[in-house]
Amino acid sequence: MADEPKDAPAGRDYRETLFLPDTPFPMKAGLAQREPERLKHWAEIGLYHLLRKQAADRPKFVFHDGPPYANGAIHIGHAENKILKDFVVRTKQMAGYDCDYVPGWDCHGLPIEWKVEEDFRKAGRKKAEVPAVEFRKACREYADKWIPLQREEFKRLGIEADWDHYYTTMSYEAEAAIAAEFLRVVRTGLVYRGSKPVMWSPVERTSLAEAEVEYAEKTSPTIWVKFPVVGFQSVSGNTLGEGPAGVSVVIWTTTPWTIPGNRAISFSPSIQYGVYEVESIEQGLAFEPWVKPGDKLALADKLAEDVMRAAKAAAWKRLDDFDGHGVVCAHPFRGRGYDFDVPLLSGDHVTDDAGTGFVHTAPGHGADDFVIWTKHFGQEGIPFTVDAEGRFTKEAPGFEGLEILQLEGKNLGKDGPANKVVMDKLIEVGALLARGQLKHSYPHSWRSKAPLIFRNTPQWFIAMDKPFRDGKTLRQIALDEIERVDWGQKRTGDQVGYNRIKGMIEDRPDWLVSRQRAWGVPLPIFVSKADGSLLQDDDVDARIYAAMKAGGADAWWATDAQVFLGNKYKAADYEKVEDILDVWFDSGCTHAFVVGNPDAPTRPSFANPVGTIYLEGSDQHRGWFQSSLLESCATRGRAPYDEVVTHGFTVDENGMKQSKSLGNIVEPQKVAKENGIEILRLLIASAEYGDDLRMGKIIMDQSTETYRKLRNTLRYLLGALKDFGDGERVAAGKDLPLLERWLLHRLWELDRTVRQAYETYQFRVALSAIVEFCNVDLSAFYVDVRKDALYCDAPSSLRRRACRSALDQVFSRLTAWLAPILPFTAEETWLTRFPDDVSVHLRTFPETPAAWEDDFAGEEVARLREARSVVTGALEVARREKLIGSALEARPRVWVADEGLLASLQAIDFAELCITSGVDLEAGEGPSDAFRLSETPGVAVKVEKAPGVKCARSWKYFDPATALPGFPDITPRDALAVQEWDAARA
RNA sequence: CGGCGGGUAGCUUAACGGUUAGAGCGGGCGCCUUAUAAGCGCUUGAUCCGGGUUCAACUCCCGGCCUGCCGACCA
């Protein structure tokens with residue numbers, strides 16, 4: 001083209017003289033392929049270490065990673081969690097902190113134990129036959145297999161972290177630290193031995209988790225048993241009048257063997273009870289019923305008839321109301337070793353749907369039973385009536401050694417003699433009212449299919465309500481700390497998280513920390529056989545810690561007790577506890593061995609932080625938030641965090657839980673492969689993540705659209721800023737045209753919005769402000785208006801230089817603000833413009849000069865845009881009427897009633913704003929047939945066709961008489977630009 | 001069943017006891033062909049249901065429906 005004769009006045013193709021956007025930055029992102037390449041590049045330049053090095057002197061902000069469980073491929077919930085964490089870490093880093101991120105894994109616990117057990121079984125070995133050390137080794141290997149796999153999946157999400165120095169709860173160091181932490185708790189005096197009924201399989205001699213239990217049909221005996229009333233704890237409120245003489249409270253149960261364990265009877269205050277007297281019994285029976293005329297029975301009114309029929313009574317009458325409050329009964333076996341009182345306790349779990357309305361309560365053999373008993377009497381008085389094999393102990397006098405279930409032979413798992421002997425004894429003492437059989441759903445082991453029992457077992461607890469530190473209890477300290485911590489108020493402005501954790505800590509029972517399992521950290525304690533006290537000795541503790549640090553938790557089992565005890569104590573005098581710790585205790589200790597004490601951080605970037613944050617799903621109020629809080633309050637008297645941020649869960653597009661059976665699972669790996677992970681990151685950033693996060697095709701498509709818009713905006717900026725340099729820059733000031741003053745003002749506003757939103761973890765607020773700015777302010781207005789100047793003005797034009805200077809500032813901020821959310825695209829954009837720079841992620845958010853605040857420009861342009869919208873509306877009508885196509889074909893006549901607005905419009909090039917080839921401004925209301933918008937009164941528009949000829953370069957219509965010599969087919973402005981262009985290439 | 005949340009256009013969301021419930025995306029209809037698998041304009045479309053408080057309710061209260069999380073050997 002440059003070879004074309006320059007004196008050819010007309011017909012010259014001016015296209016090459018335009019400054020159209022020009023950039024190698026592709027419109028199509030190709031995220032799925034490019035993201036892995038970028039990750040590789042970051043790994044090669046050691047971005048993580050560059051970040052640490054660069055921020056070494058900055059204030060430290062601690063982000064402590066809650067460890068996911070090292071089992072299975074990551075799912076979308078992991079992705080949401082890790083991506084939100086990444087947003088926090090990156091925004092903090094770019095806001096000027098040193099925000100280190102050490103990822104971790106939770107390794108102990110049942111799920112892995114199950115898997116490993118299954119592997120052994122497949123290899124033909126039962127768990128009981130596998131030596132503990134070998135079993136634990138297999139568990140460790142199992143976890144070790146998953147960690148690198150999950151790590152790679154997390155990396156693929158674009159998470160910036162110290163992936164080479166992650167923590168695990170099963171490292172020898174961690175296991176030793178966890179044990180040491182527990183010993184610290186022991187020193188507070190909060191650890192005690194109590195008991196609790198658990199699901200127990202006598203056949204397998206083990207406790208079971210709820211998930212190991214399945215329910216199956218079983219036929220059980222049912223018995224109605226009389227408990228004679230012997231007195232009252234309080235005389236108030238009873239309506240028996242003449243007293244308790246001769247009345248029996250009747251209970252019903254399907255487990256006769258639990259009668260020796262009975263310690264109470266539960267009733268409901270909302271059920272009507274009465275005292276019923278038997279008048280006659282059924283005749284002609286093949287046996288003699290146990291019920292006799294004259295028997296006085298307390299029963300729920302609604303169930304009295306059922307009971308009487310079961311007992312074969314023929315006639316009865318209701319004597320009086322019966323109120324259970326304060327009533328005390330005798331155990332049916334009173335005088336035979338069961339001489340305690342059996343109180344009636346008021347409980348909400350009691351119903352009158354079946355039975356008698358009174359519930360047999362054996363606190364060692366049922367969950368409800370245990371709860372109601374401990375509510376009234378604590379751990380006192382709960383007997384251990386059944387041993388590990390399901391045999392009665394000496395605490396069931398008269399029944400010692402009897403089996404509940406058969407433990408061997410063909411009838412393994414069938415009823416043993418216990419039920420029958422107990423029933424015979426009840427008959428013998430005259431306490432049995434009736435009996436029968438019932439087919440019902442009953443818990444069984446999912447492994448052996450044998451029936452289960454609830455069995456009271458000794459367990460270790462951490463006391464919530466025992467004063468220990470400055471006279472305060474663990475519950476009080478935790479509640480005090482809850483007041484200090486921000487539970488998301490900063491983000492949401494509500495008290496939901498605070499209320500939730502507070503309610504849980506207020507209500508929770510003592511912390512049950514012992515488990516009868518294999519894969520975990522032991523309770524490294526010795527119990528005195530003489531008095532049951534816990535051995536507390538610094539030297540012993542030190543030996544335990546050293547051994548575990550060198551050999552892991554295995555050292556506890558592999559080492560002879562005497563080695564730990566040293567010379568001071570005799571192993572024979574102590575019981576070495578074999579239980580393992582609740583895995584929640586493990587993860588509750590991560591603050592201790594990952595972040596460390598303020599005075600002994602595990603790494604420099606954790607020293608003296610200005611704040612510490614935990615961010616997890618809201619289910620962790622029950623889990624990690626709570627266990628970390630309690631552990632740290634017990635050992636350090638303070639919460640391990642200053643802020644807790646929570647998120648909801650990922651559900652499908654209809655708001656339903658994602659599950660395999662519903663087939664509505666979105667896999668992050670698949671998203672990365674098909675859409676690119678930035679699409680997912682954008683989706684998460686645009687959601688109110690405190691609520692549930694919906695995932696589905698429509699939402700992904702929308703996120704893709706948003707991505708396109710952002711990418712195209714960045715691409716346009718790159719194209720428009722080609723070869724922009726400091727020499728061209730126009731500083732902010734009075735010289736700046738109104739539009740650029742306005743644009744900088746908008747950046748100033750956005751800067752505040754974005755910073756504050758990031759500061760309060762409201763990524764959605766920041767992102768929507770950015771996206772709206774790109775759509776509404778930049779694309780649909782500023783860029784559209786300034787395109788003419790950008791493409792057609794001479795490079796020396798102040799207008800064009802001001803425009804490019806302002807766009808340069810836009811570029812600087814957009815790339816920074818988007819970097820935490822779209823780390824790949826931000827990097828691609830930044831390095832496209834500055835290929836010699838290292839990384840956009842080493843930047844901080846650019847400071848925005850206070851001088852950019854320009855309320856006048858802000859309001860003025862807002863007014864101009866209102867007037868503009870009347871014109872564009874009018875143009876649309878003209879277009880429909882085929883008067884014009886392109887806006888440049890029009891020259892609207894605009895009547896403005898408001899003098900101030902008219903002056904504003906006259907002060908600028910309103911035609912440029914409307915992208916028309918001219919505009920005629922007139923004062924006044926205008927003719928009645930002019931176009932108006934009701935929301936913008938006082939502005940009227942009539943569209944007229946632009947006169948003149950179409951400029952061959954800028955396509956604006958102009959008066960050819962004004963053309964410069966030699967350039968008859970383009971406007972004077974274009975002629976100057978072409979001259980400049982030609983001169984530059986002469 | 002109990003505890004704690006959520007329910008605003010097709011989607012992501014804003015709003016406040018008080019104009020006509022705001023925006024972006026999408027959809028529809030056009031324009032442009034100088035951001036072109038782009039850009040511009042116009043347009044469509046919503047407070048889960050039923051009561052109550054109030055001059056006024058998406059907002060506060062009660063009840064229902066749907067839905068999510070939690071509910072001691074699951075993490």
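Per chain, numbering begins at 1; letters A, B, ... match sequence-line order. Side chains included, hydrogens not; waters and symmetry mates left out as well; all remaining heavy atoms used.
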Measuring only the C1' atom in each nucleotide, how far is A35(B) from C40(B)? A whole number of Å is fine. 12 Å
Hey, does Y69(A) reach any base, or is it just sugar-phosphate, or nothing, if we go heavy atoms under 4.0 Å? sugar-phosphate
Over how many whole Å does the gap from K697(A) atom NZ to C11(B) atom P extend? 15 Å
Reckon E876(A) touches a base, only the sugar-phosphate, or nothing at all at heavy-atom distances under 4.0 Å? base
Is it true that K82(A) and D65(A) have a side-chain N and a carboxylate O under 4.0 angstrom from each other? yes
The Watson-Crick or G-U wobble partner of C1(B), with both key distances under 3.5 Å, is G71(B)
Phosphate-side-chain proximity, K709(A) and G39(B), N/O vs OP1/OP2 below 4.0 Å: yes
Touch class at under 4.0 angstrom, heavy-atom based, for E935(A) against every strand present: nothing
Under 4.0 angstrom, heavy atoms only, what part of the nucleic acid is P509(A) near: base, sugar-phosphate, or nothing? base
Identity of whatever pairs with C60(B) - Watson-Crick or G-U, under 3.5 angstrom: G52(B)
Looking at D777(A) and R865(A), is any side-chain nitrogen of the basic one under 4.0 Å from a carboxylate oxygen of the acidic one? yes
For the P atoms, the ones on G26(B) and on C11(B), what distance do you get once it is rounded to whole angstrom? 15 Å
Rounded to whole Å, please give me the gap between OH in Y707(A) and P in C11(B). 26 Å
Once you round it to whole Å, what is the distance between P of A72(B) and CG of N456(A)? 17 Å
Using atom C1' of each nucleotide, how far apart are A57(B) and C49(B) to the nearest Å? 16 Å
Tell me what G719(A) touches on the nucleic acid: a base, only sugar-phosphate, or nothing, going by heavy atoms under 4.0 Å. nothing
Under a 4.0 Å N-O cut-off, is there an ion pair linking R193(A) with D579(A)? no
What nucleotide, of G24(B), A75(B), U13(B), holds the atom closest to the side chain of E688(A)? U13(B)
Could you check whether Q620(A) gets within reach of a base, just the sugar-phosphate, or nothing at all, counting any heavy atom under 4.0 Å? nothing
Just checking G648(A): base, sugar-phosphate only, or nothing, at a heavy-atom cut-off of under 4.0 Å? nothing
When rounded to whole Å, the CZ to P distance for the pair F461(A) and C73(B) reads 11 Å
Just to confirm, is there a sub-4.0 Å distance from OP1 or OP2 of A35(B) to any side-chain nitrogen or oxygen of K787(A)? yes
What interatomic distance, in whole Å, is found between P of U43(B) and the corresponding atom of C25(B)? 14 Å
Could you state the atom-to-atom distance from CG of L20(A) to C1' of A35(B) in whole Å? 9 Å
Mind checking if V776(A) touches a base, just sugar-phosphate, or nothing, with heavy atoms under 4.0 Å? sugar-phosphate
Within the 4.0 Å heavy-atom criterion, would you say W511(A) contacts the bases, only the backbone, or no part of the nucleic acid? nothing
Paired with A35(B) by Watson-Crick or G-U wobble geometry, both distances under 3.5 Å: which nucleotide is it? none
Can you find an N or O donor on one side and an acceptor on the other, under 3.5 Å apart, linking the side chain of S779(A) with the base of A35(B)? yes
Please pick, from A14(B), C31(B), A72(B), the nucleotide with the shortest atom-to-atom distance to any side-chain atom of R879(A). C31(B)
Pair of N/O donor and acceptor under 3.5 Å linking A75(B) base with W624(A) side chain: no
For D510(A) and Y192(A), test the side chains for any donor-to-acceptor distance below 3.5 angstrom and give the result as yes or no. yes
If only side-chain N and O atoms of R764(A) are considered, is one of them under 4.0 Å from the OP1 or OP2 phosphate oxygen of A14(B)? yes
Between atom CG in L693(A) and atom C1' in U67(B), what is the gap in whole Å? 15 Å
Of the candidate nucleotides U34(B), A75(B), G24(B), which contains the atom at the shortest distance from the side chain of N775(A)? G24(B)
For G22(B), what is the paired nucleotide under Watson-Crick or G-U wobble rules, both distances under 3.5 Å? U13(B)
Closest approach to the side chain of M27(A), judged atom by atom: which nucleotide of U12(B), A35(B), C73(B) is it? A35(B)
Output the single nucleotide from A75(B), C4(B), U12(B) whose closest atom is nearest the side chain of A687(A). U12(B)
In whole Å, I'd like the distance from the CG atom of N654(A) to the P atom of C65(B). 20 Å
Taking only N and O in the side chain of Y791(A), is any of them less than 4.0 Å away from OP1 or OP2 of A35(B)? yes
Checking all strands, does G623(A) fall into the base, sugar-phosphate, or nothing category for heavy-atom contacts under 4.0 angstrom? nothing
Using the C1' atom in both, what is the distance from A37(B) to U33(B), to the nearest Å? 14 Å
How would you label the contact of F649(A) with the nucleic acid (heavy atoms, under 4.0 Å): base, sugar-phosphate, or nothing? sugar-phosphate
Distance check, C1' atoms only: G24(B) and G63(B), in whole angstrom units. 36 Å
Any idea which of C70(B), U34(B), C73(B) is nearest the L512(A) side chain? C73(B)
Verify whether one side chain among D969(A) and Y14(A) offers a donor that lies under 3.5 Å from an acceptor in the other. yes
Check the distance between A72(B)'s P and F454(A)'s CZ and give it to me in whole angstrom. 10 Å
Would T825(A) and E678(A) count as having a side-chain donor-acceptor pair, cut-off 3.5 Å? yes
Heavy atoms only: give me the nearest A70(A)-W146(A) pair and the separation to one decimal. O-CB, 3.7 Å
OP1 or OP2 of U36(B) under 4.0 Å from side-chain N/O of R715(A): yes
Pairing of K787(A) and D784(A) as salt bridge, 4.0 angstrom limit: yes
Would S954(A) and D974(A) count as having a side-chain donor-acceptor pair, cut-off 3.5 Å? yes
Under 4.0 angstrom, heavy atoms only, what part of the nucleic acid is Q702(A) near: base, sugar-phosphate, or nothing? base
Any strand is fair game: report the nucleotide pairing with C29(B) by Watson-Crick or G-U wobble, both distances under 3.5 Å, or none. G41(B)
Q459(A) or C774(A), whichever maps to the more 5' nucleotide of RNA chain B: C774(A)
How far, in whole Å, is G28(B) from U34(B) if one measures between their C1' atoms? 28 Å
Name the nucleic acid region contacted by T706(A), choosing base, sugar-phosphate or nothing; use a 4.0 angstrom heavy-atom cut-off, strictly under. nothing
Base, sugar-phosphate, or nothing for N712(A), non-hydrogen atoms under 4.0 angstrom? base
For the P atoms, the ones on C48(B) and on G7(B), what distance do you get once it is rounded to whole angstrom? 8 Å
Within the 3.5 Å criterion, strictly below it, is a donor on Q150(A) or W105(A) matched to an acceptor on the partner's side chain? yes
First encountered from the 5' end of RNA chain B, between I699(A) and S886(A): I699(A)
Of the candidates C4(B), C70(B), C11(B), the side chain of R622(A) sits closest to C70(B)
